[in-house]
Novice: 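This is the structure, below, for whatever I ask next.
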There are 2 protein chains.
Amino acid sequence: MTVPLYQAKAEFFRTLGHPARIRILELLSERDHAVHELLSEIAVEPSSLSQQLAILRRAGLVAQRRVAGEVVYSVIVPEVRDLLRDARAILRGVLDGQAQLKRDLKPPGRAKR
Amino acid sequence: MTVPLYQAKAEFFRTLGHPARIRILELLSERDHAVHELLSEIAVEPSSLSQQLAILRRAGLVAQRRVAGEVVYSVIVPEVRDLLRDARAILRGVLDGQAQLKRDLKPPGRAKR
DNA sequence: CGCAGACTTGATTACTTCTGCATGTGCGAA
DNA sequence: TTCGCACATGCAGAAGTAATCAAGTCTGCG
């Protein structure tokens, strides 16, 4: 093994560890987007967006292609959608858990559904 | 929402963005482990391991309990296993894709292996 | 009580990553 | 060819993160 598997995994997760990159992947999971479309959704400077896209490209997660003067990005690895879904589930679980902890420590609680 | 959802997600992924923390979660997904057991598997200093465990604890992913003089850790959110599985699948896809790219055209970049 | 073993926490220092600005590149229009 | 738009890249300062060592806490045992 050139690189231990768990190190590659850690690197991969770090690639996802940025709000803009998460947003990009979520948007691209829905459908392909041109850079200026992403730009209007994400509230970040153009150069910053471009850098985040470059990072995702280098990580092999997205691809770019030029279409009529625009650059369109798409997700290469479809499983990304599953991953984001799992992450959502875990996040929900964690947040619920924290809320419950808070209730245990403090009497005033609210409905949990 | 106090914090935008995608920011919470990014934070969560950053929590996973460290080899030792990945190893810890993988080991704990199999079964609960005492700290000294983790220590003998992971090749990291005790204090460093403790810090990584603290990060996972703060993230709400693992819990500790004291048993007969040892501290035993366990995974709180079971979906973590799914996430790690998906990550493995994506990683495989990405690595395959990169290998194929390399065959198609030699990209200017870092020499790998 | 006082000590030892098992962890944890704090502080320091060395890196790595992010941000915004300035500059560079590629493509289509004129 | 030259201009202009749509992106991409380089860079410097600021901010965040990790490894290490020293010191602290907690438990159970003599």
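We name chains A, B, ... by the order of the sequence lines, and we start the count at 1 in each one.
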Novice: Can you measure A:E11 atom CD to D:dA18 atom P for me and round it to whole angstrom units?
Specialist: 14 Å

Novice: Before accepting this row, confirm whether a basic side-chain N of the pair B:E79/A:R88 lies closer than 4.0 Å to the acidic partner's carboxylate O.
Specialist: no

Novice: For the pair B:L27 and B:I42, evaluate side-chain contact (heavy atoms from CB on, under 4.5 Å) and give the outcome as yes or no after the intermediate values.
Specialist: CA-CA 10 Å; B:L27 290 169; B:I42 297 186; 3.9 Å; yes

Novice: When you check every protein heavy atom under 4.0 Å of nucleotides 3-17 of chain C, what one-letter string (B, S, -) results, 5' to 3'?
Specialist: ---SSBBB------S

Novice: Quick one: pull up CD in A:E45 and OG in A:S50 and give me the separation to the nearest 0.5 Å.
Specialist: 12.0 Å

Novice: Grab the CZ-C1' distance between A:R65 and C:dC27 for me, whole Å please.
Specialist: 17 Å

Novice: For atom CZ of A:R81, is the number of surrounding heavy atoms from other residues, nucleotides or ligands below 6.0 Å larger than 12?
Specialist: no

Novice: Based on Watson-Crick and G-U pairs with both distances under 3.5 Å, what dot-bracket line describes DNA chain C 5' to 3', crossing pairs as [ ] and inter-strand pairs as |?
Specialist: ||||||||||||||||||||||||||||||

Novice: Please go through B:V67's hydrophobic cluster and name the other residues, only I, L, V, M, F, W, Y counting, with side-chain heavy atoms under 4.5 Å joining them.
Specialist: B:V72

Novice: Go through it in stages, so that I can follow the logic: the residues are A:L16 and A:L61, the test is side-chain contact (heavy atoms from CB on, under 4.5 Å), and I'd like the CA-CA distance, side-chain angles, deciding distance and then a yes or no.
Specialist: CA-CA 10 Å; A:L16 302 185; A:L61 296 177; 4.1 Å; yes

Novice: What integer distance in Å separates A:Q52:CD from D:dA8:P?
Specialist: 12 Å

Novice: Can you check the A:I24 CD1 to D:dA8 C1' distance for me, whole Å?
Specialist: 14 Å

Novice: In this structure, which one of A:L91, A:L25, A:I90 forms a side chain to side chain contact (heavy atoms under 4.5 Å, CB included) with B:K9?
Specialist: A:L91

Novice: Cut-off 3.5 Å, side chains only: do B:Y73 and B:R57 have a donor facing an acceptor?
Specialist: yes

Novice: How long is the line joining CG of A:L56 and P of C:dC18, in whole Å?
Specialist: 11 Å

